[in-house]
Amino acid sequence: MTIIAQRQVEPRYDAVAIDRKWQERWEKDRIYRVDDNDPRPKWFEMTMYPYPSGDLHIGHWYAMAPSDAHARFRRMQGYNVLHPIGFDAFGLPAENAAISRGIHPYEWTMSNVENMRRQLRSLGAIYDWDREVVCCLPEYYQWNQWFFIKLFEKGLAYRAKAPVVWCPSCQTVLANEQVLNGVCERCDTPITRRDFEQWFFRITDYADQLLDFDTLEDWPDKILTMQRNWIGRSDGVDIGFDISDYGIEEREIRTFTTRIDTIFGVTFIVLAPEHPLVPQLTSESRRAEVDAYIDQARAASEIDRLSADRDKTGVFIGAYARNRLNNEQVPIYVADYVLTTYGTGAVMGVPAHDARDFAFALKYRLPIRTVIAPIEWDGLAQTEAYVGVGFMTNSGAYDGMTNEEGSVAIAREVERRGWGRNTVTYRLRDWLISRQRYWGTPIPMVYCADCGVLPVPESDLPVLLPEDAEFRPTGESPLAINDSFVNTVCPNCGGPGRRETDTMDTFMDSSWYMLRYCTPQFSDGPYEPETTGEWMPVRQYTGGAEHAVMHLLYSRFFIKSLRDMGLLDIDEPFLRLYNQGVILGSDHEKMSKSRGNVVNPDDVVGQFGADAVRCFLMFIGPWDQGGPWSDEGINGIVRWLNRVWNLMEHDARELDAHPTDPVAVRDTQRILHQTIRKCYDDLDKFKFNTVIASLMELVNHLSHVWNAQSVDSATWNVSTEKFLLMLAPIAPHVSEELWEIKGHPYSIHQQPFPTWDEELAADEEITLVVQVNGRVRDRITVAAGIGAEDAQQLALESQRVQAHVDGKAVRNVVYVPGRLVNVVVG
RNA sequence: GCCGAAGUGGCGGAAUGGUAGACGCGCCGGUCUCAAAAACCGGUGGGAUAAUAUCCCGUGUCAGUUCGAGUCUGACCUUCGGCACCA
């Protein structure tokens, strides 16, 4: 034990026994069971479900405890609240654990789920366990398959070649996280890329709809910005450069540009290394060099390739393309800063007006021709790319126009001549669904030599994941070597067929799990439409900001596609979103075993009880900012709950033996009602840290009046009762126990949240700050409703103000009602 | 690199453009005790000063807007998060 641990404050009540007592009682009485037919308005509040990694981390508590407090608050506001929990149970870690420990992924996952269920129960949350969703079970994943087929039938699922990261030594596909500095994490072999036929969802068909956030009620601006940037809509022109001289099928290279106004400045063309025209256009004398370059480029990650810091590299392929606007022949290069996944995979190089092209031209000594003249241009050679506005120059008939005018005019001309067209490009790419792995939902498709690619008939679902599959890396996709799985019959002709052996991305599971929570036992479809329609959309979603662009975009796409298939009549899955931050170790670093700063929730809950841990996590700081755990800091919360316990144990009748001070009664009343108002507002906004701070202030005040015996028992009883109700959502066990001790009827969690009276919360007197030239010089106590003239007069009469005015002329007096007077002199 | 966020006492943090540092930790002093812990009471940004009088400085840096800036604007510095097969 460390010195700090010895100084730990202990609860003065048996926290563990109270936790257990009430968790069992609530379970027995099923007070958190959610009834679809409850007449109160429905409120669906979800927190992102956890991956069953093994043990509940304090980070899970940080995500779950405050969201439970918020959901409890909504319950106390009179809503029928659905606040469910489940497990995101497919995924790579189960397979890694299986490989390293020889346990089947199913067993590893389900034993983790079992353990985490127990740990999650210790939170004392309002989860209705009858609605738990575990998505690696066939009852769940069969509907992934059902949805996949629906999307396929709708034309939203298609197959195309796509590169995967490949380890040539292990002969297996790697996830990005299995690659460390360009080598395989298992065997240190440099990685390569291979093209596989894989399944995609056409999320790009929904790009513009996904950019429309109008029907969302409250999402953080930063998430909207990240989604907007991720989708990356660019308006520009798709324009062809003529290559008809080469006698190949393609007669032009299609490029995409947002700066068609700079087309007269094109001095080269760059193709992505993966561009299909590269092998066809490369001259024989350049082929060896080009091929070597492509091999090297394909090993690099996209992040590296796009890095502007990195030296631009490329190779001339020995071919030229003609710029139709000025009939110039420009050289064609292959370079890895151009990506095949964006635009057309080819760009026109305009070094004078694009920073990347400028760096490239400098390196390969390509001409740099200014075609947009900056205002007050000195005509000298450029030392960097000029991306601003200006006048068209060196641009034939367009010279003298502003570049905005030139842009419109050139685009019109290009379109008229049939050389190109106005178009929109997105950075967003289609959603790659296929994973060459075992532990996921089998993709329900069959390949027949005669009939082609066919979906498994609905009546044959689910396509079960075979239990006996070899999931260790062998160079093949795990399901591909399982003959009894692969071999099937064609659903069309009855002849031999082969099953698809890839599984689905786990983001498929999380794209619709909110629907399953509404009617989790329903067996005739993924969800029962009527009840689900009553709960959906989710009114409040909480989770980490790391899901800003993938999960949250995929589920939005999913719901919109279901709507368009007539399966559910809503536009968005989540109306409000709140992102909690990250809990750090007490050393302010991310928690990790190697740093030794990991906090085990079972340990601290066993020592202080669930409520102290819940409250401390909420008290650390603003929930969206995260913050460091502190072994010393939790003492403050334990001490506070002890003080609360003390106060609640007092016998209020003792107060009536002493004279009552009307000022103390009025102060108590006012502070109580101000606290209710503050808690109500701040709980609504997830500002738990200030909720607890204001409850502490109320407790401090109640301690003072108890010590002074200055209020009557009625005032005391009203105050303590309302205090406990405000404590209930954040500390459900202690508040329930004290509620019982004070003789109130079970359960505190079925009571409404207290309301405040504005008149009782109002201040009669306020402190008016008096400034001279913006510096505080005096504070005067005045009636709350004081008028401007009286306030200004009082301020000017102040001795301290007079000393600073010091005979100088008063030029202005600013009065902010209820706040301050600022006397401006000089 | 691109995109996003954040910088306030010894520490976590509070503050509709209007008293900077609420609340808590820690620390200091006191009460209680044989003693310690716990508990309770009081103090606690820095500096000048005999002073709880008064004055000056103070919210990453430098400018700006304003009667008034932690808060708004611009530039810069630092730290953190995401970047499409971790989920």
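A donor and an acceptor atom never sit less than 3.5 Å apart when one is taken from the side chain of Q771(A) and the other from the base of C67(B). With hydrogens and angles left out, the side chain of N822(A) and the base of C67(B) share a donor-acceptor pair within 3.5 Å. No donor-acceptor contact under 3.5 Å links the side chain of R811(A) to the base of C67(B). Taking only distance into account, the side chain of Q198(A) meets the base of C85(B) through a donor-acceptor pair shorter than 3.5 Å.
The shortest distance between the side-chain N/O atoms of H588(A) and the OP1/OP2 oxygens of G12(B) is below 4.0 Å.
Searching all strands for a Watson-Crick or G-U wobble partner of U59(B) with both distances below 3.5 Å returns nothing. The partner of A48(B) is U54(B), by the rule that a Watson-Crick or G-U pair needs both atom distances under 3.5 Å. Across all strands shown, C77(B) is found opposite G7(B) as a Watson-Crick or G-U wobble partner, with both distances under 3.5 Å. When both distances must be under 3.5 Å, the Watson-Crick or G-U wobble mate of G64(B) is C72(B). Base pairing of U33(B) is not made with any nucleotide, judged by Watson-Crick or G-U wobble geometry with both donor-acceptor distances under 3.5 Å. When both distances must be under 3.5 Å, the Watson-Crick or G-U wobble mate of A22(B) does not exist. In this structure, G1(B) and C83(B) make a Watson-Crick or G-U wobble pair, each of the two defining distances being under 3.5 angstrom. Of the nucleotides present, G43(B) is the one that pairs with C27(B) by Watson-Crick or G-U wobble criteria, both distances under 3.5 Å.
For the pair R427(A) and W230(A), the cation-pi criterion (under 6.0 Å, within 45° of the ring axis) is fulfilled.
Residues I620(A) and Y554(A) each lie close to RNA chain B; by heavy-atom proximity, the contact nearer the 5' end of the strand is made by I620(A). Toward the 5′ end of RNA chain B lies the nearest nucleotide of A693(A), the other residue of the pair S630(A) and A693(A) mapping further downstream.
Closest to the side chain of V776(A), out of A20(B), G18(B), C25(B), is A20(B). Counting only heavy atoms from C-beta on, R639(A) has its side chain closest to G26(B) among C85(B), G4(B), G26(B).
Atoms CG and CZ, on L552(A) and R556(A) in that order, are 9.0 Å from each other to the nearest 0.5 Å.
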